[in-house]
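Heads up, the thing below is written out as structure tokens.
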Amino acid sequence: MLTADRSLPTPMRAEILALAAQELHPRGAGVAALRLVQAHFGWVSTPHLREVAELLDMSADDLDGVATYFNLLFRRPVGRHVIMLCDSVSCWIMGREPLCAHLCRKLGIRPGETTADNAMTLLPTVCIGHCDHAPAMLVDSTLHGNVDAAMLDHLIDTLRVTP
């Protein structure tokens, strides 16, 4: 992965412009463009956000508003694996808080932090729509439901050996 202080690669810039050309207004490609940047760099840095905003003919502040609205777009560096623990009412009722405490102890971090080895970031997130299987979480792009401490332990051990 490239460092976040480099400019967007030329092919990515071309892809963003192509996305913008498909929209009635170029800014309509904002989320898709930011997802491209994140897929390549792991997160969306301020310099990259500014480049994308320029390509989409919008202000960096407007695009940052889009980026910070969507909880799956990361505006800070994250670990190789991102654990998003749902904090909806259903998950709280079904035991989310003890699971969060267990995860924090096991990882040695608090919500919003990344492990020292940069392997995992733990983030709270709003409802992920899996209430019938609460407590629920997303790990990278995989949805997990009916989460318990044993499942967390196995998952964390598996992630530690997975690049």
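No experiment lies behind these values; they were computed from the predicted model shown. All heavy atoms count here, side chains included; hydrogens, waters and symmetry mates do not.
At a threshold of 4.0 Å, the pair Arg27-Asp62 counts as salt-bridged, since one of the basic side-chain nitrogens sits closer than that to a carboxylate oxygen. With respect to Asp61 and Arg50, no salt bridge is recorded, no charged nitrogen being found less than 4.0 Å from a carboxylate O. Checked for salt-bridge contact, Asp140 and Arg80 miss the test: no charged N lies under 4.0 Å from a carboxylate O.
The minimum heavy-atom distance linking Ser90 with Ala134 is given by the pair O-CB, 3.7 Å. Here the closest heavy-atom approach between residue His40 and residue Pro9 is recorded as NE2-CG, 3.9 Å. In plain terms, the two heavy atoms of Gly145 and His130 that are nearest each other are CA-CD2, 3.7 Å.
Rounded to the nearest 0.5 angstrom, Phe41 CZ and Leu36 CG are separated by 11.0 Å. To the nearest 0.5 angstrom, Ile83 atom CD1 is 9.0 Å from His144 atom NE2. The distance from the CG atom of Leu122 to the CE atom of Met137 is 9.5 Å, given to the nearest 0.5 Å. Rounding to the nearest 0.5 Å places CZ of Arg75 at 10.5 Å from CD of Gln38. Within the model, atoms CG of Leu8 and OG of Ser45 stand 8.0 Å from one another, a figure rounded to the nearest 0.5 Å. To the nearest 0.5 Å, atoms OG (Ser7) and CD (Glu51) are separated by 4.5 Å.
In this structure, Val89 is not a member of the same hydrophobic cluster as Val147, with clusters built from ILVMFWY side-chain heavy atoms closer than 4.5 Å. Following chains of ILVMFWY side-chain contacts shorter than 4.5 Å, one can reach Phe70 starting from Ile16, so the two form part of one hydrophobic cluster. Met94 and Leu143 are not part of a single hydrophobic cluster, where members link through side-chain heavy atoms under 4.5 Å apart. Taken together through direct or relayed side-chain contacts under 4.5 Å among Ile, Leu, Val, Met, Phe, Trp and Tyr, Val44 and Leu19 form part of one hydrophobic cluster. Under the 4.5 Å side-chain heavy-atom criterion for Ile, Leu, Val, Met, Phe, Trp and Tyr, Leu73 and Leu56 are members of the same hydrophobic cluster.
Shown here is Glu23, whose CD atom has more than 12 heavy atoms of other residues, nucleotides or ligands within 6.0 Å. In Asp57, the CG atom is not crowded: 12 or fewer heavy atoms of neighbouring residues, nucleotides or ligands sit closer than 6.0 Å.
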(request) Apply side chain to side chain contact (heavy atoms under 4.5 Å, CB included) to the pair Val52 and Arg13, showing each step before the final yes or no. (result) CA-CA 8 Å; Val52 172; Arg13 292 175 66 85; over 6 Å; no
(request) Just do the side chain to side chain contact (heavy atoms under 4.5 Å, CB included) check on Thr114 and Met120 with the steps written out, would you? (result) CA-CA 6 Å; Thr114 300; Met120 289 172 248; over 6 Å; no
(request) May I have the step-by-step check of side chain to side chain contact (heavy atoms under 4.5 Å, CB included) for Phe74 and Thr121, ending in yes or no? (result) CA-CA 11 Å; Phe74 307 125; Thr121 299; over 6 Å; no
(request) Start with the C-alpha gap between Asn71 and Val126, add the side-chain angles, then the distance that decides, and say whether side chain to side chain contact (heavy atoms under 4.5 Å, CB included) holds. (result) CA-CA 8 Å; Asn71 60 351; Val126 295; 3.8 Å; yes
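For the pair Leu85/Cys100, a side-chain contact is recorded, criterion being any heavy-atom separation below 4.5 Å from C-beta on. Contact of the His154 side chain with the Met151 side chain is not registered, since no non-hydrogen atoms from C-beta on lie closer than 4.5 Å. Met58 is not listed as a side-chain neighbour of Pro26, based on a closest heavy-atom distance of 4.5 Å or more. Put simply, the side chain of Leu138 does not reach to within 4.5 Å of the side chain of Thr125, judged on heavy atoms. Inter-residue side-chain proximity for Cys86 and Pro135 is flagged as unmet; no heavy-atom pair is nearer than 4.5 Å.
With Trp92 contributing its side chain and Glu97 its backbone, the two residues share no donor-acceptor pair below 3.5 Å. A donor-acceptor pair is defined here as one N or O able to donate and one able to accept, closer than 3.5 Å; no such pair exists between the side chain of Arg76 and the backbone of Trp43.
Remark: of the listed residues Leu99, Val139, Asp157, Leu107, Leu99 is the sole one forming a side chain to side chain contact (heavy atoms under 4.5 Å, CB included) with Leu152.
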